[in-house]
Number of protein chains: 2
Amino acid sequence: MTTTIQPRTLKTRARLIEAATAIVAESSFTELRVEEVVRRAGVAKGTFFAHFKDKDALLDRMIGEIIDQHLDQISAQDTPKTIDEILDILTPLMTFMGSERAVFDVILRYSGAASVEEIGPIAATFERFVHVLADWFVDGPFRQDADPATLAEGVQAFVFQALALNFCALNSHRPIRDRLHPYLELWLHPAKTLDPQG
Amino acid sequence: MTTTIQPRTLKTRARLIEAATAIVAESSFTELRVEEVVRRAGVAKGTFFAHFKDKDALLDRMIGEIIDQHLDQISAQDTPKTIDEILDILTPLMTFMGSERAVFDVILRYSGAASVEEIGPIAATFERFVHVLADWFVDGPFRQDADPATLAEGVQAFVFQALALNFCALNSHRPIRDRLHPYLELWLHPAKTLDPQG
DNA sequence: ACATAAAATTGACCGCGGTCAATAATGAAT
DNA sequence: ATTCATTATTGACCGCGGTCAATTTTATGT
């Protein structure tokens, strides 16, 4: 079973991704239509689905790549020493995640791996996200009574929570940053304001 | 502007909901089709959309009602004194939330209010959820250095996080309960394992 | 060069959510 | 009863994601 991949395959796939990227650049992920992608790429509709399981698989890949670039930026910076520095570093990524409802929906759905063998692009970036954050929490100025990876997963949960609330018209006037701050304070600095226990 | 509501309207809406409920009972939310709902209710397709903005509005209502019944059960019980008791009480609701991907998706999308005037059924239940939990945290055996409502919102974030991870084949063998426990321990009992600060 | 199997592409077709101009039913006024 | 404005219902139609049997292209062995 030698599954030979023809050069043609790679060319076609590149054209599809190129077309999709152009559409997103001109309009948005929300406006992306498979029919428009194949029209621009000059292929038939069926070809698209020979290259991607479904539309979401393309979005997974495109969005995963953008998140990965944000993580490059994030991990290139100095280790944050305060909650505010954490928020500063995370803001660009969060802004992207909250830029469109459609983007956030795809991220929510694919941020966990679908199966053992099949870890999608977005799922991979969130494994990386947890690694990067966990590194901050080892020997840092933050709480030391917990597994760094668990702390990182908690931060992820709060980021999602803050973004989800931001999509409500009721709350969207408030910056994500402000919404996230109190959670992280309580999560990462629990001792600061802790009462003596009876 | 006296918007008179005809009795006929209520009858038709009731028939639509009844038909939808029957379909879910026989199969699942995932299998629910608007065309099947209107077929059983004996009305035209357009009638459905005169009563519900879209398919999700029906799901919002149906799922919101189920969550509300769970909250009735939850608030009827004694105030939990330990993390394990919290997990016991929350398990039925979490089991429902994680019963189908389609259910969880709708909950995720509508757990925040869409606008000030227009709080949907699911959004209302999560306001109630936070209230119920906040009551547990006032004068309870849990941390007293934080706003009870903020603590409750944090629990909500961890519940969503635990459920999201549970939809990954990689992790689904592990009960949601076990996944949630370490988060709640660190979130609600931060002092228990806290190192003295230097 | 030619034959042949495997891989890639095609496009008509389907399912299903959602729209809307046309039509029918309803309740109130005369 | 008859008219009439308002409200509810209808169903043909559209958009768009996704399928699949048929066809074309490619790589390989002779």
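In the text below, chain A, chain B and the rest are named by the order of the sequence lines, each starting its count at 1. From a predicted model like this one, the values you see are computed outputs, not experimental measurements. Below, all heavy atoms of this structure are taken into account, side chains as well, without hydrogens, waters or symmetry copies.
A salt bridge links A/Glu36 to A/Arg40: one of the charged nitrogens lies within less than 4.0 Å of a carboxylate oxygen. A salt bridge does not link A/Arg109 to A/Asp105: none of the charged side-chain nitrogens sits closer than 4.0 Å to a carboxylate oxygen. Under 4.0 Å is where a charged nitrogen must lie from a carboxylate oxygen, and between A/Asp72 and A/Arg128 at least one such pair does.
Atom CG in B/Leu10 sits roughly 12 Å away from atom C1' in D/dA8 (whole-Å rounding). Rounded to whole Å, the distance from NZ on B/Lys45 to C1' on C/dG15 is 9 Å. Atom CD in A/Glu31 sits roughly 14 Å away from atom C1' in D/dG15 (whole-Å rounding). In this entry the distance linking CZ of B/Arg13 with C1' of D/dT7 reads 13 Å, nearest Å. Atom NZ in B/Lys11 sits about 14 Å away from atom C1' in C/dT26, given to the nearest Å. Atom CZ in A/Phe49 sits roughly 18 Å away from atom P in C/dC13 (whole-Å rounding). At whole-Å resolution of the value, CZ in A/Arg39 and P in C/dT10 are 15 Å apart. The distance between atom CG of B/Leu58 and atom P of C/dC16, rounded to the nearest whole Å, is 16 Å.
In this structure, the nucleotide among D/dT19, C/dC16, C/dT9 sitting nearest to the side chain of A/Ala50 is C/dT9. Closest contact between the side chain of A/Val34 and the listed nucleotides C/dG17, C/dG11, D/dG17 involves D/dG17. The A/Glu35 side chain lies nearest to D/dC16 when the options are D/dT7, D/dC16, C/dG18. Between C/dA7, C/dT10, C/dG17, one nucleotide has an atom nearer to the side chain of A/Arg8 than all others, and that is C/dA7.
For C/dC16, one of the phosphate oxygens OP1 or OP2 lies less than 4.0 angstrom from a side-chain nitrogen or oxygen of B/Arg33. Residue B/His51 places at least one side-chain N or O under 4.0 Å from the OP1 or OP2 atom of D/dT9. Contact between the side-chain N/O atoms of A/Thr9 and the OP1/OP2 oxygens of C/dA7 is not found at any separation under 4.0 Å. Under 4.0 angstrom from either OP1 or OP2 of C/dA8 there lies no side-chain N or O belonging to A/Thr12.
Ring to ring, B/Phe158 and A/Phe158 are close: their centroids are under 6.0 angstrom apart.
Each of B/Phe48 and A/Asp54 was matched to the nucleotide of DNA chain D holding its nearest heavy atom; the match closer to the 5' end belongs to B/Phe48. The 5' end of DNA chain C is approached more closely, in terms of each residue's nearest nucleotide, by B/Lys53 than by the other of B/Lys53 and B/Pro7.
With hydrogens and angles disregarded, a donor-acceptor distance shorter than 3.5 Å links the side chain of B/Thr12 to the backbone of B/Arg8. Judged by distance alone, with hydrogens and angles left aside, the side-chain atoms of A/Glu31 form no donor-acceptor pair with the main-chain N or O of A/Ile23 at under 3.5 Å.
For D/dG18, the base has no donor-acceptor partner in the side chain of A/Lys55 [N/O atoms by modelled type, under 3.5 angstrom].
B/Leu32 comes within contact range of the sugar-phosphate backbone alone, with a heavy-atom separation under 4.0 Å but no base atom that close. Within the 4.0 angstrom heavy-atom criterion, base atoms lie near A/Thr47.
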